[in-house]
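Here is the structure we will look at.
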Amino acid sequence: MSVFYRFARMILTPVFIWISPVKIIGKENIPEKGPFIVCSNHTSMSDPMFLIPTFKRQIFFMAKIELFKNPIIRFVFNLMGIFGVDRGKGDMNAIHTAEEIINGGKILGIYPEGTRYKEGPPRKAKSGVAYIAMSTKADILPVSVYREGSYKFFKKTTIRIGKIIKHEELVSEERTNRENLKFIVDKVTGSITELWEMKH
């Protein structure tokens, strides 16, 4: 865990959570070691700030490349280990970075919907997470962020962490690569949605 990430986790995040009451369910489902992919629905720019204090290890988040145009945000993101992805095309550099994170035994954080949805249930995951899961043989940890309506200060947020989905459950030799990709996308989408539907 980087020094800056540790600082954000220990100092900045508690202040943030003080103005945003949070309930965490399923923390015991987080693996204590080994690489895996955290997949969560995306409701607000604040979402990572809820996950960072929940995990004892550093999460290396993937974020849209547009955010890196701001030099201050880019500087902070680089210190936090957040890397960019160009959502408008198949960004192989981002895919390779994600693979390096997993292959290095670390935690990769992805919002598989590809964009934020302030209200309503999780949307269907994009195929990027499936490509990464297949190429790295990574397990996936589904997480849901639930609140009633869009994010506002002092509004209750529930983080619900599901059970780890082992790679063996995601990929089958009896299916084609395309079929495996679709299965992973559907599995991730369904798992996050199931958690979200439990609400508070």
Side-chain angles (χ1 to χ4, degrees), residues 1-63 76-77 79-82 98 101-102 105-123 125 129 133 138-167 169-170 187-200:
M1 184 181 295
S2 71
V3 174
F4 189 86
Y5 190 96
R6 190 183 303 275
F7 172 79
R9 186 175 184 273
M10 296 178 63
I11 305 297
L12 300 180
T13 305
V15 173
F16 184 87
I17 291 179
W18 179 78
I19 60 176
S20 300
V22 60
K23 179 181 180 182
I24 302 172
I25 301 172
K27 197 171 181 178
E28 68 277 4
N29 293 327
I30 303 175
E32 295 184 358
K33 58 182 180 180
F36 58 92
I37 304 173
V38 174
C39 289
S40 172
N41 60 311
H42 200 10
T43 65
S44 165
M45 284 287 290
S46 65
D47 289 342
M49 297 301 294
F50 289 101
L51 295 183
I52 287 172
T54 303
F55 287 68
K56 294 180 180 179
R57 297 161 57 200
Q58 181 170 353
I59 303 174
F60 293 82
F61 288 100
M62 178 186 287
V76 173
F77 276 12
L79 290 175
M80 293 288 290
I82 300 172
I101 289 169
I102 291 296
K106 302 173 183 176
I107 303 174
L108 173 66
I110 295 181
Y111 294 102
E113 296 161 296
T115 189
R116 282 174 289 153
Y117 294 98
K118 296 181 180 181
E119 298 185 48
R123 273 61 168 187
V129 64
D139 301 334
I140 293 178
L141 185 69
V143 175
S144 75
V145 179
Y146 178 84
R147 65 178 63 88
E148 296 177 355
S150 60
Y151 171 77
K152 293 180 181 179
F153 288 166
F154 305 111
K155 177 176 284 189
K156 182 180 179 179
T157 297
T158 295
I159 305 296
R160 195 177 293 270
I161 303 165
K163 293 184 179 181
I164 197 81
I165 307 172
K166 304 297 289 185
H167 179 73
E169 302 175 49
L170 298 171
K187 182 69 173 179
V188 168
T189 303
S191 298
I192 295 174
T193 301
E194 183 178 345
L195 294 170
W196 184 90
E197 289 176 342
M198 296 180 187
K199 301 183 178 182
H200 293 307

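These figures come from a predicted structure and were not determined experimentally.
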Handout entry: Least distance between heavy atoms, M1 atom then Q58 atom
Key = CA-OE1, 3.3 Å
Problem - ring-ring contact (aromatic ring centres under 6.0 Å, His included) partners of F77, counting only residues at least two apart - result: F68
Problem - Qualifying residues under side-chain hydrogen bond (donor to acceptor under 3.5 Å, both in side chains), relative to T43, sequence neighbours excluded - result: D47, R147
Exercise for the section: Have a look at I110 and tell me which of I140, V188, V38, V129 forms a side chain to side chain contact (heavy atoms under 4.5 Å, CB included) with it. Expected result: V129
Problem - Minimum side-chain heavy-atom gap T54-I161 below 4.5 Å - result: yes
Exercise for the section: Indicate yes or no: at least one non-hydrogen side-chain atom of V22 is less than 4.5 angstrom from one of P53. Expected result: no
Exercise for the section: Report the distance from atom CD of E32 to atom NZ of K56, rounding to the nearest 0.5 Å. Expected result: 6.0 Å
Practice task
Just do the side-chain contact (heavy atoms from CB on, under 4.5 Å) check on V143 and F50 with the steps written out, would you?
Solution key: CA-CA 11 Å; V143 175; F50 289 101; over 6 Å; no
Problem - Passing option when I159 is tested against L195, L51, I25 for side chain to side chain contact (heavy atoms under 4.5 Å, CB included) - result: L51
Fill in the blank from the handout: Residues at least two apart in sequence or cross-chain that pass side-chain hydrogen bond (donor to acceptor under 3.5 Å, both in side chains) with S2, listed by chain then number, are none
Practice task
State, to 0.1 Å, how close V145 and S40 come at their nearest heavy-atom pair, and which atoms those are.
Solution key: CG2-OG, 3.5 Å
Handout entry: For Y111, all residues meeting ring-ring contact (aromatic ring centres under 6.0 Å, His included), sequence neighbours excluded
Key = H42
Handout entry: Under the side chain to side chain contact (heavy atoms under 4.5 Å, CB included) test, residues paired with M80 that sit two or more places apart
Key = F4, Y5, A8, I52, V76, I82
Exercise for the section: Flag the pair I30 / F36 as yes when at least one side-chain heavy-atom distance between them is below 4.5 Å, and no otherwise. Expected result: yes
Handout entry: All salt bridge (charged side-chain N to carboxylate O under 4.0 Å, His left out) counterparts of K166, not counting sequence neighbours
Key = D139
Fill in the blank from the handout: Taken in chain and number order and not counting sequence neighbours, the residues that satisfy side chain to side chain contact (heavy atoms under 4.5 Å, CB included) with P21 are none
Completion exercise
Taken in chain and number order and not counting sequence neighbours, the residues that satisfy side chain to side chain contact (heavy atoms under 4.5 Å, CB included) with A98 are M62, F83, L108, I132
Problem - Nearest-0.5 Å distance that lies between atom CD1 in I59 and atom CD1 in I37 - result: 12.5 Å
Exercise for the section: Give every residue pair that meets the side chain to side chain donor-acceptor pair (under 3.5 Å) criterion with at least one member in residues 189-200, sequence neighbours excluded. Expected result: T158-H200
Problem - Nearest heavy-atom neighbours spanning L141 and N29 - result: CD1-O, 3.7 Å
Exercise for the section: Look at the side chain of S44 and the backbone N and O of S46, then say whether any donor-acceptor pair between them is shorter than 3.5 Å. Expected result: yes
Problem - Residue pairs involving residues 19-28 (criterion side chain to side chain donor-acceptor pair (under 3.5 Å); sequence neighbours excluded) - result: S20-Y151
